[in-house]
Amino acid sequence: MLLQKFFPRSKAYCPDPTWSLHHNIIRSCKFELCFFRWYNPVTKGIDMAGMLEDLSNIEDESILLLQVSCQNPSGCDPTKDEWDQIMAVCMKKKHFVFFDSAYQGFANDDYNEDMYSLRNFADNYNRVMLTQSFSKNFGLYGERTGCLSMICKDHEE
């Protein structure tokens, strides 16, 4: 509901495919659920050209849900160069990026590698929000513990 205040007419876009809970979260916030290309079943990898085309063609200031690493369910993560391309489109279109991080440190031996997307966006863009689940990382499945972090352009926002 918080995002409704700043993006009342926006649609929320998820990768195709994404974790089914993302559908429920977006619908419960009363956003229209839409999708952008992510996975190419033929190559069994990211459909980078399709994704960039979709992100470039959707309405400015849309909400995008992206997973920081270990994209569920595809298991496909962009390279650093691909994340940079995604960020460039987001900045040009002024999209609001809603990152979901549930598998911190599971994709690479180096935790910092897993966090490249988030850190790059946070360092270079002020339309970013992060939700973190600690269920897997801390073994807190019963507690459903997590965190919400936001970067805003100014104090008023």
Please answer whether the main-chain N or O of Val68 pairs with a side-chain N or O of Ser117 as donor and acceptor at a distance below 3.5 Å. yes

Evaluate the ring planes of Trp83 and Phe99, with Trp represented by its six-membered ring, and classify them as parallel (under 30°), tilted (30 to 60°) or perpendicular (over 60°). tilted

Closest heavy-atom pair, Met51 versus Phe36, reported as atoms and distance to 0.1 Å, is CG-CD1, 3.8 Å

Asp84 and Tyr116: side chain donor to acceptor below 3.5 Å: yes

Carefully, step by step, assess Thr18 and His23 under the rule side chain to side chain contact (heavy atoms under 4.5 Å, CB included). CA-CA 8 Å; Thr18 195; His23 304 179; 3.6 Å; yes

Separation of Met129 CE from Leu65 CG (nearest 0.5 Å): 8.5 Å

Under a 4.0 Å threshold between the charged nitrogen and the carboxylate oxygen, would Asp60 count as salt-bridged to Lys94? no

Set out, in order, the CA-CA distance, both residues' side-chain angles and the distance that settles side chain to side chain contact (heavy atoms under 4.5 Å, CB included) for Cys90 and Phe96, then state yes or no. CA-CA 8 Å; Cys90 290; Phe96 185 89; over 6 Å; no

Is a side-chain donor-acceptor pair under 3.5 Å present for Tyr13 with Glu32? no

Rounded at 0.5 Å granularity, tell me how far CH2 in Trp38 sits from CG in Leu55. 9.0 Å

Do Phe98 and His22 pass the ring-ring contact (aromatic ring centres under 6.0 Å, His included) test, and can you show the C-alpha distance, the side-chain angles, and the key distance before you say yes or no? CA-CA 11 Å; Phe98 181 139; His22 292 150; 7.9 Å; no

So, are Arg37 and Asp16 salt-bridged, with charged N and O less than 4.0 Å apart? no

If you measure from the Lys or Arg side-chain nitrogens to the Asp or Glu carboxylate oxygens, is any gap between Glu59 and Lys11 under 4.0 Å? yes

For side chain to side chain contact (heavy atoms under 4.5 Å, CB included), just list the numbers for Asp77 and Gln67, CA-CA rounded to whole Å, side-chain angles, deciding distance to a tenth of an Å, and then say yes or no. CA-CA 9 Å; Asp77 293 333; Gln67 294 177 53; over 6 Å; no

